[in-house]
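Worksheet for the structure shown next.
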Amino acid sequence: MKKIILITLVSFLAIITNAQVISLRITQSNYSSADPDVAGPATGTVTFRFELISTANVLADGLGLCAVFQSANLMETPTNTTVPLGPLAAGVAWTQQVDNRAGNVTAVSYGGQSFDRRMVVTFNQAAGIPNVNIGTTWTPICEITYWTKGASYPQGGYIVNEPGSIAAVNEVSSDGGLSTYPLESPNLTTPTALGGTLPVLFSKFDAKCTNTGTLISWATAQEANSSKFEIERSSNGTTWTNIGSVAASGTSSSNRNYQQIDLIGGAAFYRIKQIDKDGQFIYTDVARTNCQVKNISSVIYPVPAFDVLNVVIKSDRSVRTQLLVYDMQGKLVKKVDASILNGNNTFKINLIGLASGDYMIRTNDASIELNKIFTITR
């Protein structure tokens with residue numbers, strides 16, 4: 001009888017423990033364009049990290065880390081370059097058991113990229129009480145150096161870790177193997193680009209609620225060969241829809257600011273897809289919001305404006321009105337007829353000929369919340 005109670009208790013504790021969720025991601029930590037093998041085919045070296053985060057602290061005694069990559073752009077080094085980091089480096093009696101950096105042949109696609117190799121590295125504690133703590137902040141566990149084969153960015157192609165539901169080896173174990181945690185992959189649809197000299201360096205990206213929906217804004221510190229930005233929206237973080245496109249600056253070494261409004265609002269995920277003139281692209285991280293929207297609402301952008309002001313109005317009915325622009329002395333300087341339909345409406349107001357300074361835009365329909373001040377800069 002006591003034995004049955006003990007087994008039941010162990011099972012119950014395992015269920016409680018497994019309520020925790022552990023996620024894995026891959027980040028680049030270093031890149032060098034120096035040819036490591038002189039005669040090729042390598043064009044440089046890149047180092048990336050496996051990082052873990054848990055919803056609650058978990059003491060691990062086994063780690064299986066799995067990722068897929070593109071062999072046309074990335075190759076393993078002749079010797080093992082896996083380096084334990086953080087709690088794994090400080091842990092007692094840990095050994096690397098599997099070194100499958102060359103990867104096994106596969107054929108999978110994530111986030112618009114195709115992958116043909118799946119690599120695995122595993123670590124196990126030889127004996128004793130589990131001593132690698134998986135905490136509640138992103139923590140580097142190990143890093144690996146590969147050789148790149150590409151001549152242009154991303155020289156190492158793309159890499160992404162698969163969730164444990166796809167690759168069973170991708171998990172953390174504890175309690176001598178009694179508890180296992182299949183790893184989640186929050187960035188599965190946004191693979192990590194490996195290489196140097198980013199075509200675009202993002203300095204900001206966020207999504208915030210306004211009275212009219214979700215305002216997605218981003219900024220770049222530099223751009224090279226950049227064509228456009230596509231704004232993507234998802235209701236589940238997996239299936240993405242393009243909700244807008246904004247032209248990029250092309251080549252720039254100064255800070256550039258961009259905006260896009262999503263009048264649908266609600267609970268949603270957002271990301272930016274930056275596309276080069278040669279068709280290459282990268283993604284930002286994912287932002288999440290839950291914004292409520294009024295029946296008739298409006299927003300203007302960009303702020304400040306230059307030659308064009310976009311006026312976006314979401315309405316649940318059809319309205320005929322006028323968009324009126326006044327200077328700060330109350331003089332009417334622009335008047336645009338606007339036929340608002342049920343749904344989202346975008347109007348572009350030509351600002352060419354207006355001097356730099358502050359202006360106000362209104363409508364002659366009190367049911368439309370449009371009474372905003374904006375600035376023109378030249």
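Values reported hereafter were calculated over all heavy atoms of this structure, with side chains retained and with hydrogens, waters and symmetry mates removed. In this chain, residues are counted from 1 in sequence order.
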In sequence, state the C-alpha distance, the side-chain angles, and the governing distance for V336 and F347, and then conclude on side chain to side chain contact (heavy atoms under 4.5 Å, CB included). CA-CA 9 Å; V336 177; F347 304 95; 5.6 Å; no
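- Between D99 and T82, the side chains place no donor N or O within less than 3.5 Å of an acceptor N or O (distance only, hydrogens not considered).
- Considering CG of N100 and CG of L65, their distance stands at 12.5 Å, rounded to 0.5 Å.
- Side-chain contact, Q259 with S217: no donor N or O sits under 3.5 Å from an acceptor N or O.
- Between I261 and N310, the closest side-chain pair of non-hydrogen atoms is not below 4.5 Å.
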So Y110 and T189, side chain to side chain contact (heavy atoms under 4.5 Å, CB included) or not? Walk me through it. CA-CA 5 Å; Y110 304 112; T189 57; 5.7 Å; no
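- In terms of modelled atom types and a separation under 3.5 Å, the side chain of T284 and the main chain of I272 share a donor-acceptor contact.
- The closest donor-acceptor contact from the side chain of T148 to the backbone of G44 lies under 3.5 Å.
- Taking a 6.0 Å sphere around CG of D307, one finds it holds more than 12 heavy atoms contributed by other residues, nucleotides or ligands.
- There is a side-chain donor-acceptor pair under 3.5 Å between R101 and T77.
- In this structure, L332 places its CG atom where more than 12 heavy-atom neighbours from other residues, nucleotides or ligands lie under 6.0 Å away.
- Counting heavy atoms from C-beta outward, V303 and T375 have side chains that stay 4.5 Å or more apart.
- Cluster annotation: I376 and L309 are assigned to the same hydrophobic cluster (Ile/Leu/Val/Met/Phe/Trp/Tyr, side-chain heavy-atom contacts under 4.5 Å, transitive).
- Of the possible polar contacts, none joining the S23 side chain to the I53 backbone as a donor-acceptor pair under 3.5 Å is found.
- When atom types are taken as modelled, the side chain of D35 and the backbone of S33 share no donor-acceptor pair closer than 3.5 angstrom.
- No side-chain heavy atom of L194 sits less than 4.5 Å from a side-chain heavy atom of P154.
- Remark: side-chain polar atoms of T55 are paired, donor with acceptor, to backbone N or O of V21 under 3.5 angstrom.
- How far CZ of R233 is from OG1 of T239: 12.5 Å, rounded to the nearest 0.5 Å.
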Begin from the C-alpha positions of E230 and S245 and carry the test side-chain hydrogen bond (donor to acceptor under 3.5 Å, both in side chains) through to its verdict. CA-CA 4 Å; E230 291 183 352; S245 179; 5.0 Å; no
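- Y283 and F269 fall into different hydrophobic clusters, defined by Ile, Leu, Val, Met, Phe, Trp and Tyr side-chain heavy atoms under 4.5 Å apart, directly or through other members.
- The two residues Q70 and Y158 have their closest heavy-atom pair at OE1-N, 2.8 Å.
- Looking only at atom types and distance, the side chain of S114 has a donor-acceptor partner in the side chain of S109 under 3.5 Å away.
- No side-chain N or O of S227 forms a donor-acceptor pair with one of D276 less than 3.5 Å apart.
- For S29 and T47, the side-chain atoms include no donor-acceptor pair closer than 3.5 Å.
- Under a 3.5 Å cut-off, the side chain of S252 and the backbone N or O of S254 do form a donor-acceptor pair.
- Checking side-chain atoms of Q155 against main-chain N and O of G196 turns up a donor-acceptor pair under 3.5 Å.
- Between the side chain of N345 and the backbone N or O of I340, no donor-acceptor pair lies under 3.5 Å.
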Hey, mind stepping through V311 and L370 against side chain to side chain contact (heavy atoms under 4.5 Å, CB included) and telling me if it holds? CA-CA 9 Å; V311 181; L370 182 62; 4.1 Å; yes
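- No side-chain N or O of N342 forms a donor-acceptor pair with one of S318 less than 3.5 Å apart.
- A heavy-atom distance below 4.5 Å is found between the side chains of P78 and W147.
- Rounded to the nearest 0.5 angstrom, D175 CG and I129 CD1 are separated by 11.5 Å.
- The closest side-chain donor-acceptor pair between R118 and N104, if any, does not fall under 3.5 angstrom.
- Under the 3.5 Å distance criterion, with hydrogens and angles disregarded, a donor-acceptor pair is assigned to the side chains of Q322 and D337.
- In this structure, the separation between CG on L323 and NZ on K335 is 12.0 Å, given to the nearest 0.5 Å.
- In this structure, the separation between CZ on R117 and CG on L74 is 11.0 Å, given to the nearest 0.5 Å.
- S226 and Q274 are linked by a side-chain donor-acceptor pair at a separation below 3.5 angstrom, with hydrogens and angles left out of the test.
- Counting heavy atoms from C-beta on, the side chains of F48 and T192 never come closer than 4.5 Å.
- N161 CG to I26 CD1: the interatomic distance, rounded to the nearest 0.5 Å, is 4.5 Å.
- Between the Q96 side chain and the V98 main chain, a donor and an acceptor come within less than 3.5 Å of each other.
- A heavy-atom distance below 4.5 Å is found between the side chains of S203 and N255.
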Could you walk me through whether N57 and T136 pass the side chain to side chain contact (heavy atoms under 4.5 Å, CB included) check? CA-CA 6 Å; N57 290 349; T136 56; 3.9 Å; yes
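- Defined by atom type and a distance below 3.5 Å, a donor-acceptor pair is missing between the side-chain atoms of E143 and N30.
- Note: Y270 and F205 fail the aromatic proximity criterion, with ring centroids not under 6.0 Å apart.
- Ring planes of F229 and Y258: tilted class, angle from 30 to 60°.
- Residue W94 forms a side-chain hydrogen bond (donor to acceptor under 3.5 Å, both in side chains) with just one option from N131, D61, N124, and that option is N131.
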